[in-house]
Amino acid sequence: MTPEQLSAAIVEVLATLSAEGELTLPDGPPSAVTVERPRQREHGDYATNVALQLAKKAGTNPRALAQLVADRLGQHDGVAAVDIAGPGFLNITVAAAAQGEVAGQIVAAGAAYGSSELMAGERVNLEFVSANPTGPLHIGGVRWAAVGDALGRIFEAVGAAVTREYYFNDHGAQIDRFSRSLLHSVRGLEAPEDGYGGAYVHEIAQAVVARRPELVEKDDAAAQEILRSEGVEMMFDEIKRSLHDFGVDFDVYFHEDDLHKSGAVDRAIERLTELGNTYEQDGAVWLRTEQFGDDKDRVVVKSDGQGAYLSGDLAYYLDKRERGFDRCLIMLGADHHGYVARMMAMCAAFGDTPGTNLEILIGQMVNLLKDGEPLRMSKRAGTVVTIDDLVSAIGVDAARYALARYSSDSSIDLDLDLWAKAGSENPVYYVQYAHARVSSLLRNAADLGLAPADHPELLVHEKEGELLRALADFPGVVASAATLREPHRVARYLEDTAGAYHRFYDNCRVLPMGDEEPTDLHRARLVLVDATRTVLANGLGLLGVSAPERM
RNA sequence: GCCCCCGUAGCUCAGGGGAUAGAGCGCCGCCCUCCGGAGGCGGAAGCGUAGGUUCGAAUCCUACCGGGGGUACCA
């Protein structure tokens with residue numbers, strides 16, 4: 001009996017009461033009711049507030065409505081007891097056998113446990129990272145690499161077709177600054193005032209020279225062009241390689257430059273003009289974003305005839321829509337939140353629905369702490385912490401987990417010393433250790449020749465119940481992580497579940513001791529342990545973190 | 001000035017209106033005769049302030065205070 005099944009059972013009770021005229025529901029029975037696990041153990045296995053929610057509409061008082069529901073729900077096979085408490089809460093105790101069945105169901109579902117059809121049929125375009133190829137990927141981009149990829153995995157688990165996309169800004173002034181910085185390096189000059197410093201600039205410059213030695217003899221313009229094309233390519237390859245090592249691969253690497261060269265930008269602007277949403281002023285073409293909620297109108301074609309940055313976004317968005325994506329999600333750092341309003345306005349200007357066709361997720365900043373002190377970063381000074389630095393400091397698993405376990409709305413301080421530790425103070429180890437411990441127990445059981453066997457009615461220990469309920473929560477957690485676009489829920493859930501397992505393990509002997517004859521309880525508990533392994537492995541998988549069998 | 005995010009235990013953070021607000025770390029005190037003690041048990045300790053909505057607010061609204069980020073015909 002999972003929370004979802006219980007919710008469905010309650011809905012059925014409400015529908016029956018309504019049909020039999022014992023209850024008047026003007027809006028009909030709800031499609032789902034809230035079922036939660038109460039904090040206090042005395043409040044049962046699950047609790048629902050439906051009576052409080054519906055009493056007013058039904059023209060009755062909460063406790064009377066609760067009584068009606070309790071009488072019917074109590075007759076359900078999987079329900080052992082229903083109590084009415086406080087203002088009208090229904091406290092539900094699930095029959096042991098119904099609760100214990102979950103373990104066998106999880107093992108049977110295996111890698112599919114936790115998945116659903118919640119977003120079946122939806123085509124989702126997930127754009128994240130999209131850092132300019134003017135330097136190694138730094139920590140801000142890495143947060144989205146971890147969160148975005150996890151979100152993609154979560155969407156896939158709930159049935160969506162996901163395309164991961166990286167928008168490659170290879171068209172504007174940043175690239176120009178980058179290539180001039182390379183040129184200065186080759187000529188032995190200081191980095192340009194508005195350019196990039198740092199050792200990587202010299203490394204890239206030397207690498208390009210090694211590949212194309214003739215550029216040294218060319219004039220500045222020709223040399224810079226070689227440095228631009230080769231340097232950007234090398235930088236981009238390095239970013240791709242870093243992300244790949246981080247476990248993140250994109251389906252599409254989209255080049256902004258292509259949009260300009262192919263005429264897609266012009267077509268997008270034409271479309272907006274046909275819709276009456278552009279005008280010319282001061283020699284520039286403006287988009288009427290203000291009437292769609294932006295602070296002011298925005299330039300799309302500058303007075304020098306060049307497309308403004310937004311023009312690429314217009315064309316890119318239109319391209320995604322034409323490729324059949326109903327939902328385009330873009331993940332940006334907080335330093336770009338000012339773009340949200342104009343992007344949403346752009347979406348509306350095309351006649352689309354902001355928030356549905358286009359969704360922008362903002363991730364707050366990441367600060368790194370070393371020896372308790374914040375690491376000051378400056379791209380210009382070359383003191384950036386790159387994705388490779390982070391991985392070599394704490395490893396891929398810890399980095400992905402650390403970046404994905406916090407709400408993206410919060411700026412976070414990551415203590416590199418803590419996340420590098422192989423100990424319990426490190427949350428990723430806490431979860432991975434539980435998985436390793438489970439795996440070890442399953443190996444021992446196999447060595448003993450003890451085979452798991454379902455006896456759900458025997459799993460009646462308090463700690464077994466708590467673990468079973470935690471395991472039963474998993475699909476709901478995945479669903480809410482998808483709906484709310486919040487992968488951190490999965491990480492927090494895994495920590496809770498690992499704790500529930502440790503407490504179970506501490507109280508319930510799984511394998512026979514010494515020469516003890518194996519019993520059905522041993523076999524039943526083994527199913528529960530296997531179910532725990534399944535959930536921990538599936539959950540870690542959603543975060544792109546390994547589930548080690550030994551550590 | 002205006003816009004966005006945040007303010008919860010000593011620290012790092014969870015808590016999508018519900019009952020006595022949680023976890024990890026740190027601190028104090030416990031638990032190994034066998035499945036991994038990288039574990040478990042107990043204890044001290046908290047919702048920035050002031051109003052409002054609600055049967056019920058950490059959660060929603062308003063104001064203020066504090067921290068971070070943003071506010072280009074840059075990308």
Side-chain angles (χ1 to χ4, degrees), chain A residues 34 36 38-40 42-43 47-49 52-53 55-56 61-62 85-89 91 132 134 169 171-177 194 256 281-286 295-296 298-304 306-310 312 333-341 362-365 367 369 372 402 405-415 418 421-427 429-430 432-434 436-445 448 480 483-484 486 488-489 491-493 495-496 498-499 501-514 516 522 525 529 550-551:
Chain A
T34 305
E36 52 187 18
R39 293 201 175 90
Q40 266 61 50
E42 318 84 71
H43 293 155
T48 178
N49 61 0
L52 290 103
Q53 301 288 1
K56 195 171 281 180
N61 71 72
F89 290 104
N91 292 336
N132 288 348
T134 55
N169 290 156
H171 181 74
Q174 302 279 23
I175 296 293
D176 190 53
R177 288 177 192 166
D194 58 353
E256 182 188 1
Q281 184 181 306
D282 305 330
V285 178
W286 298 69
D295 294 338
K296 58 179 183 181
R298 305 288 172 177
V299 168
V300 290
V301 181
K302 296 186 274 185
S303 52
D304 64 2
Q306 294 288 308
Y309 182 74
L310 188 61
D335 51 343
H336 288 87
H337 95 267
Y339 266 74
V340 175
I362 297 296
Q364 299 298 318
M365 299 289 157
N367 298 307
L369 268 52
R405 92 182 272 265
Y406 304 100
S407 163
S408 296
D409 285 341
S410 293
S411 58
I412 52 176
D413 296 326
L414 291 189
D415 182 341
L418 186 155
K421 282 181 187 163
S424 60
E425 58 266 87
N426 184 340
Y429 274 86
Y430 184 80
Q432 288 184 316
Y433 174 72
R437 208 183 195 191
V438 164
S439 301
S440 170
L441 205 162
L442 293 173
R443 280 194 300 273
N444 293 345
L448 289 173
S480 64
T483 304
L484 300 171
E486 291 185 348
H488 76 274
R489 288 169 183 273
R492 301 295 176 153
Y493 164 80
E495 290 166 30
D496 290 344
Y501 176 74
H502 288 312
R503 286 185 289 277
F504 155 77
Y505 180 89
D506 211 53
N507 286 275
C508 300
R509 177 76 199 190
V510 177
L511 301 179
M513 288 205 272
E516 190 186 359
H522 294 127
R525 284 179 170 168
V529 172
R550 299 171 208 270
M551 53 193 289

Asks: Any strand is fair game: report the nucleotide pairing with B/C2 by Watson-Crick or G-U wobble, both distances under 3.5 Å, or none.
Replies: B/G70
Asks: In chain order, what residues pass the ring-ring contact (aromatic ring centres under 6.0 Å, His included) check against A/Y406, with sequence neighbours excluded?
Replies: none
Asks: State the pairing partner of B/A23; accept Watson-Crick or G-U wobble contacts with both distances under 3.5 Å, and report none otherwise.
Replies: B/U12
Asks: Applying side-chain hydrogen bond (donor to acceptor under 3.5 Å, both in side chains), name anything that partners A/H43, two or more places apart in sequence or on another chain.
Replies: none
Asks: Could you check which nucleotide pairs with B/U59 in any of the strands shown, counting Watson-Crick or G-U wobble with both distances under 3.5 Å?
Replies: none
Asks: Could you go through nucleotides 1-3 of chain B and list every protein N or O atom that sits under 3.5 Å from one of its N or O atoms, giving the distance for each pair?
Replies:
| residue | atom | partner | partner atom | Å |
| --- | --- | --- | --- | --- |
| B/C3 | O2 | A/H337 | NE2 | 3.1 |

Asks: Hunt down the Watson-Crick or G-U wobble partner of B/G7, both distances under 3.5 Å, from any strand shown, or write none.
Replies: B/C65
Asks: Can you name the salt bridge (Lys or Arg N to Asp or Glu O under 4.0 Å) partners of A/R503, sequence neighbours left out?
Replies: none
Asks: Regarding A/A341, tell me which of base, sugar-phosphate or nothing describes its non-hydrogen contacts under 4.0 Å with the strands shown.
Replies: nothing
Asks: Which part of the nucleic acid, if any, lies within contact of A/L414, taking any heavy atom under 4.0 Å across all strands shown: a base, the sugar-phosphate backbone alone, or nothing?
Replies: nothing
Asks: Can you name the residues that form a side-chain contact (heavy atoms from CB on, under 4.5 Å) with A/S407, not counting sequence neighbours?
Replies: A/D409, A/S410, A/H488
Asks: When you check the phosphate oxygens OP1 and OP2 of B/A14, does a side-chain N or O of A/S410 lie under 4.0 Å from one of them?
Replies: yes
Asks: Can you name the residues that form a ring-ring contact (aromatic ring centres under 6.0 Å, His included) with A/Y433, not counting sequence neighbours?
Replies: A/H502
Asks: According to side-chain hydrogen bond (donor to acceptor under 3.5 Å, both in side chains), who are the partners of A/D413, at least two apart in sequence or on a separate chain?
Replies: A/N367
Asks: Please figure out whether A/H502 or A/D335 has its closest RNA chain B nucleotide nearer the 5' end.
Replies: A/H502
Asks: Who is the Watson-Crick or G-U wobble partner of B/G46, with both distances under 3.5 Å?
Replies: none
Asks: Checking A/E486 now: which residues fulfil side-chain hydrogen bond (donor to acceptor under 3.5 Å, both in side chains) with it, not counting sequence neighbours?
Replies: A/R489
Asks: Remember a base hit wins even if backbone is also touched, and classify A/N61 as base, sugar-phosphate or nothing at under 4.0 Å, heavy atoms.
Replies: nothing
Asks: Please state how far atom CD in A/Q281 lies from atom P in B/C73, giving the value in whole angstrom units.
Replies: 12 Å
Asks: Go through B/G68, B/A19, B/C73 for me and flag the one nearest to the A/A284 side chain.
Replies: B/C73
Asks: Starting from the 5' end of RNA chain B, give me the residue, A/G338 or A/A436, whose nearest nucleotide shows up first.
Replies: A/A436
Asks: Might you list the N or O atoms of the protein lying below 3.5 Å from N or O atoms in nucleotides 28-34 of chain B, with each pair's distance?
Replies:
none

Asks: If a protein heavy atom is under 4.0 Å from the base, mark B; if only from the sugar-phosphate, S; if neither, -; do that for nucleotides 20-27 of chain B going 5' to 3'.
Replies: BSS-SS--
Asks: Checking all strands, does A/A434 fall into the base, sugar-phosphate, or nothing category for heavy-atom contacts under 4.0 angstrom?
Replies: nothing
Asks: Could you check whether A/S407 gets within reach of a base, just the sugar-phosphate, or nothing at all, counting any heavy atom under 4.0 Å?
Replies: sugar-phosphate
Asks: A/D506: which residues meet the salt bridge (Lys or Arg N to Asp or Glu O under 4.0 Å) condition with it, sequence neighbours left out?
Replies: none
Asks: Taking any heavy-atom pair under 4.0 Å as a contact, classify A/S440: base, sugar-phosphate, or nothing.
Replies: base
Asks: Write down the distance separating the P atoms in B/A9 and B/G22, rounded off to the nearest Å.
Replies: 14 Å
Asks: Suppose we screen for side-chain hydrogen bond (donor to acceptor under 3.5 Å, both in side chains). Which residues come up paired with A/Y309, at least two apart in sequence or across chains?
Replies: A/N169
Asks: When both hydrogen-bonding distances must be under 3.5 Å and the geometry is Watson-Crick or G-U wobble, what is B/U53 paired with, if anything?
Replies: none
